[in-house]
Structure formats: C-alpha cells, structure tokens
Q: 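Following this message is one structure expressed as structure tokens.
In each ligand, atom 1 is the first atom listed, and ligand 1 is the first ligand listed. Please read these numbers as outputs of a predicted model, since none were measured by experiment. The figures that follow rest on heavy atoms only: side chains count, while hydrogens, waters and symmetry mates do not. In this chain, numbering begins with 1 at the start of the sequence shown.
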Amino acid sequence: MASYLFEEMEDSHEVMGVDIHPPVHAAAIGKVKQVDIRDVEGMIEAAHGCDAVVHTAAQVSVQRSTEDPSGDADTNVLGTIGALRAAQAAGVQKFVYISTAAVYGDPQCVPVDEQHPLSPKSFYGASKLCGEHYVRAFGSTFGLPWFIIRPFNFYSPRADPKSPYSGVITKFSQAAKAGMPLRIEGDGLQTRDFLHARDVARMVHLAVRSETVGEVVNCGSGRGTSIRELANVFGEIAPEGVKIENVPPRRSDIRDSVAEVSRARCLLGFETEVGLREGLLTFFE
Ligand SMILES: NC(=O)c1ccc[n+]([C@@H]2O[C@H](COP(=O)([O-])OP(=O)(O)OC[C@H]3O[C@@H](n4cnc5c(N)ncnc54)[C@H](O)[C@@H]3O)[C@@H](O)[C@H]2O)c1
C-alpha cells in the first residue's frame with residue numbers, strides 16, 4: 001500500500017519512508033531509508049523534521065502471527081512504540097496509525113461500525129489492537145495528535161504474488177493467469193469488504209490533511225462481496241476465463257465482514273472510487 005501513498009501524496013507533500021526491505025516500486029525508489037521500526041534511535045533520526053508520521057509498517061499476516069505470536073507482537077507492538085517515539089520526538093502535527101478490521105474479531109452484526117466491540121480472534125488482530133492502545137496512550141501522556149484508520153480487505157496488483165500469506169484476490173489473480181482453478185473454501189458465500197489500495201492511500205491523505213484528531217475510522221467500501229461473486233468477476237474479466245475448485249472451509253473463518261462507512265464520509269468526505277471490477281482489471285494490465 002505504501003507505494004500508492006507515495007504516488008497519492010507526491011504533489012502535495014515531501015514524503016519519505018522507512019522499511020526493512022528496499023522498495024521495489026518506482027514511486028518509492030530513492031525515498032525509503034532502511035530502518036527497522038523497532039530501532040528507536042534510527043526511527044527518531046528518520047522522523048526528524050517531519051510534520052506527520054503515517055505508520056503502515058507491520059507484520060501483516062494472520063497465519064504468520066499464529067505460527068510466531070512473539071515475532072508478530074515484536075513488530076506490531078514494539079515497532080508501533082518505535083514509530084510513536086519518533087513522532088513524539090519530532091513533534092509532529094499528526095500520527096496516523098493504520099490498524100485493521102481484525103481488531104473487531106467475529107462481527108456480531110454487519111455492517112461493522114466503529115462502536116462494535118473489540119474482540120480480535122487472531123494474534124495479528126490482538127497486536128494491532130495493542131498498537132491502537134499505545135497510540136491513544138501517547139496521545140493522553142504526551143499530547144500526540146493521532147488518527148486511527150481501520151482498513152477492511154484491501155488488495156493491490158503490487159502485492160507479492162509469491163508470498164504464501166497473500167490474500168484471496170492475489171491468489172485468485174495468480175491462479176487465473178496460470179490457468180489454475182480458483183479454490184473456493186467452503187460454500188463461498190462468506191462476504192468481505194474489498195477495496196483497492198489506491199483508495200486506502202487516498203483516505204490516509206485525507207486524514208493527514210484533515211484537522212480532525214483523536215478519531216477512529218473504518219476504511220472500506222461499505223459493500224460486501226461473496227467469494228463466489230468474486231470468482232465470477234474473475235471469470236468475466238480473465239482473458240482465458242477461470243476454473244473453480246471447491247475445497248473444505250477454513251477453520252474458524254469469519255463469515256461476513258463489511259464496513260459501516262458513514263463516519264469516514266462524515267469526518268473525511270471519503271468514498272471509495274475504484275470499483276471492484278475496475279480494480280481487478282488492474283491485475284491483468
Ligand atoms: N492488506 C490488507 O488487506 C490490510 C487490511 C487491514 C490493515 N492492513 C494494514 O495495512 C498496513 C500495510 O499493509 P500491506 O498489506 O500494504 O502490507 P505490506 O507487507 O505491503 O506492508 C508492510 C510493510 O512493513 C514492512 N515491515 C515489516 N516489519 C518491519 C519492521 N520491523 N521495520 C520496518 N518495516 C517493516 C514490510 O517490509 C512491508 O514493506 C499494515 O499495517 C497492515 O496491518 C492491511
């Protein structure tokens with residue numbers, strides 16, 4: 001997602017980033033320092049002179065968090081503290097934390113609004129929620145102005161297709177391109193709120209520019225799409241069509257996850273712009 005953020009903000013801000021890996025996308029090349037977010041001194045040095053910090057770096061895989069809960073917490077909790085200490089030292093006007101819808105756990109009702117109980121099911125959701133608590137505590141302890149964004153399922157043709165932890169859209173696009181079947185887990189009627197990473201970057205930009213602080217906002221399209229519908233859209237747009245394979249359901253999968261988006265509309269004037277079909281077409285360009 002960070003490469004879209006560089007593109008989104010390049011005309012209005014001077015943007016630099018940190019990452020443990022060198023950037024691969026042209027928009028970020030030459031603008032990213034190799035710093036580990038857990039390295040507090042390195043982070044303070046990197047953030048010196050910044051007006052705002054957007055904290056996107058994370059261990060992002062639910063599966064990996066199950067395999068290595070300590071490693072997940074190390075990056076997502078201690079790393080968030082590193083980013084917060086750097087932002088505090090720089091005296092920024094805004095700290096934007098990219099959280100996740102995983103902090104809600106199993107939705108008790110859909111669409112999920114920001115008042116929904118916070119009960120993460122995964123270690124990943126727990127570590128990201130812990131990050132949210134640290135963000136608020138830096139606000140109350142040091143007066144750091146913060147803003148929290150909880151994205152639902154975002155996708156990007158720039159995501160690493162070789163990663164064993166990639167999301168369903170990356171997996172489906174890879175399978176469609178390779179002539180392999182799209183594997184639908186369970187009945188395929190489980191729904192997700194998909195949005196393009198370009199829209200997430202746009203919301204982050206709006207949050208950086210907004211004078212609103214101390215708010216938590218969902219980032220989604222507000223529309224649920226079942227996995228079966230998703231496979232059908234791939235079938236319509238993939239040049240060679242697609243084959244479908246039905247496989248057993250994933251254990252303890254969330255059934256429906258759709259964002260309630262009126263707060264984002266009201267506080268930031270945000271609506272998604274990239275429709276699902278249009279967004280999926282970017283995988284075949
Ligand atoms: N992809 C989604 O659907 C989704 C949904 C909700 C929230 N999010 C959140 O959005 C943010 C971006 O996710 P993404 O999907 O673009 O993933 P991504 O893997 O593209 O981005 C995460 C980046 O963090 C970097 N990183 C990891 N550990 C680091 C460390 N110790 N120091 C410095 N950099 C480190 C990685 O190298 C990577 O470039 C994350 O905070 C994630 O939790 C993602």
Q: When you measure from the heavy atoms of Phe152 to every atom of ligand 1, does any distance fall below 4.0 Å?
A: yes
Q: Quick check on contacts: which atoms of ligand 1 are under 4.0 angstrom from a heavy atom of Ile98?
A: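 Numbered from 1, ligand 1 contributes 9 (C), 10 (O), 11 (C), 41 (O).
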Q: Below 3.5 angstrom, do we get any N/O pair linking Thr100 and ligand 1?
A: no
Q: If you measure every N or O of Thr75 against every N or O of ligand 1, does any of those distances drop under 3.5 Å?
A: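 Not met; the criterion fails.
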Q: With a 3.5 Å distance limit and no angle check, can you tell me whether Glu229 reaches the backbone of Ile227 through a side-chain donor-acceptor pair?
A: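 No, Glu229 side chain to Ile227 backbone: no donor-acceptor pair under 3.5 Å.
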Q: Distance only, no hydrogens: is a donor on one side chain within 3.5 Å (strictly under) of an acceptor on the other, for Tyr104 and Asn218?
A: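 The criterion, which ignores hydrogens and geometry beyond distance, is satisfied for Asn218 and Tyr104.
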Q: Provide, to 0.1 Å, the distance between atom 20 (O) of ligand 1 and the closest protein heavy atom, together with that atom's residue and name.
A: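 Ranking protein heavy atoms by distance from atom 20 (O) of ligand 1, first comes Met1 N, 4.2 Å.
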Q: Are the side chains of Ile98 and Pro151 in touch, meaning some heavy atoms are under 4.5 Å apart?
A: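 With C-beta onward as the side chain, the pair touches.
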Q: For ligand 1, is any non-hydrogen atom under 4.0 Å from Ser99's backbone (N, CA, C, O), its side chain (CB onward), both, or neither?
A: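 Ser99 to ligand 1: backbone contact only, side chain stays beyond 4.0 Å.
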Q: Counting from 1, what ligand 1 atoms have a heavy atom of His21 closer than 4.0 Å?
A: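 Reading through ligand 1 atom by atom, the close ones are 37 (O).
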Q: Examine Tyr124 against ligand 1 and note whether any of their N/O atoms are separated by less than 3.5 Å.
A: yes
Q: Side chain of Lys94, backbone of Arg209: donor and acceptor closer than 3.5 Å?
A: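 Judged by distance alone, no pair lies under 3.5 Å.
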Q: Gln59: heavy atom below 4.0 Å from ligand 1, yes or no?
A: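 In this structure, Gln59 fails to qualify as a contact of ligand 1 - no heavy atom is under 4.0 Å.
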Q: In the protein, what heavy atom is nearest to atom 6 (C) of ligand 1, and what distance, to one decimal place, separates them?
A: Pro151 O, 3.3 Å
Q: Tell me which protein heavy atom sits closest to atom 17 (O) of ligand 1, plus the residue, atom name and distance to 0.1 Å.
A: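 Atom 17 (O) of ligand 1 sits closest to the protein heavy atom Val60 CG1, 3.5 Å.
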Q: Taking the side chain as everything from C-beta on, heavy atoms only, tell me whether Val217 gets closer than 4.5 Å to Phe147.
A: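 Yes, at least one pair of side-chain atoms sits under 4.5 Å.
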Q: What are the atoms of ligand 1, with element, lying closer than 4.0 Å to any heavy atom of Thr56?
A: 11 (C), 12 (C), 40 (C), 41 (O)
Q: What is the nearest protein non-hydrogen atom to atom 22 (C) of ligand 1, stated with its residue, atom name and distance?
A: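 For atom 22 (C) of ligand 1, the nearest protein heavy atom comes out as Ala58 O, 3.9 Å.
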Q: Give the residue and atom name of whichever protein heavy atom lies nearest to atom 14 (P) of ligand 1, and the separation in Å to one decimal.
A: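 Among all protein heavy atoms, the one nearest atom 14 (P) of ligand 1 is Phe154 CZ, 3.9 Å.
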Q: Does ligand 1 have an atom under 4.0 Å from some heavy atom of Val18?
A: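 The answer is no: ligand 1 sits nowhere under 4.0 Å from a heavy atom of Val18.
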Q: With a heavy-atom distance limit of 4.0 Å, tell me whether Ile20 approaches ligand 1 through its side chain, its backbone, both, or neither.
A: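 The answer is both.
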Q: At what distance, to the nearest 0.5 angstrom, does CZ of Phe283 lie from CZ of Phe234?
A: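 Output value for this atom pair is 6.0 Å.
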Q: Are any of the side-chain heavy atoms of Ile149 and Val204 separated by less than 4.5 Å?
A: yes
Q: Taking atom types as modelled, find out whether Ser3 and Arg158 have a side-chain donor-acceptor pair closer than 3.5 angstrom.
A: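 A donor-acceptor contact under 3.5 Å links the two side chains.
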Q: Report the part of Arg150 (side chain from C-beta onward, or backbone N, CA, C, O) that has a heavy atom under 4.0 Å from ligand 1; answer both or neither where that applies.
A: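 It is neither part, as no heavy atom is under 4.0 Å.
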Q: What's the shortest distance from atom 36 (C) of ligand 1 to any protein heavy atom, and which residue and atom give it?
A: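 Here the nearest protein heavy atom works out to Asp19 OD1, 3.4 Å.
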Q: Starting from atom 31 (N) of ligand 1, locate the nearest protein heavy atom and write down its residue, its atom name and how far away it is, to 0.1 Å.
A: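 For atom 31 (N) of ligand 1, the nearest protein heavy atom comes out as Asp36 OD1, 3.0 Å.
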Q: Check Thr80, Asn76, Thr75 against Ser127 for a side-chain hydrogen bond (donor to acceptor under 3.5 Å, both in side chains) and give me the one that passes.
A: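 By the side-chain hydrogen bond (donor to acceptor under 3.5 Å, both in side chains) criterion, Ser127 pairs with just one of Thr80, Asn76, Thr75: Asn76.
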Q: Go through the steps to decide whether Arg223 and Asp193 satisfy the test salt bridge (charged side-chain N to carboxylate O under 4.0 Å, His left out), and finish with yes or no.
A: CA-CA 6 Å; Arg223 282 179 297 280; Asp193 187 330; over 6 Å; no
Q: If we only count heavy atoms from C-beta on, is the Tyr155 to Thr170 side-chain gap below 4.5 Å?
A: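 No, every pair of side-chain atoms sits at 4.5 Å or beyond.
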Q: Looking at the rings of Tyr4 and His196, which for Trp means the six-membered one, are their centres under 6.0 Å apart?
A: yes
Q: Give the atoms of ligand 1, by number and element, whose distance to some non-hydrogen atom of Val35 is under 4.0 Å.
A: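 Checking each atom against Val35, I get 32 (N), 33 (C).
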Q: Have a look at ligand 1 and work out which part of Val200, if any, has a heavy atom under 4.0 Å from it: side chain, backbone, both or neither.
A: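 Val200 to ligand 1: no contact under 4.0 Å from either part.
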Q: If you measure only the distance, is there a donor-acceptor pair under 3.5 Å linking the side chains of Glu260 and Ser262?
A: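 Yes - a donor-acceptor pair under 3.5 Å links their side chains.
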Q: Should you measure from each heavy atom of Asn153, which atoms of ligand 1 turn up under 4.0 Å away?
A: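 Every atom of ligand 1 under 4.0 Å from some heavy atom of Asn153: 3 (O).
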Q: Could you check atom 32 (N) of ligand 1 against the protein and tell me its nearest heavy-atom contact, residue, atom and distance included?
A: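 It is Ile37 N, 2.9 Å.
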Q: Does Phe270 have Arg265 sitting over its ring (NZ/CZ under 6.0 Å from centre, angle to axis within 45°)?
A: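 No, Arg265 does not lie over the aromatic ring of Phe270.
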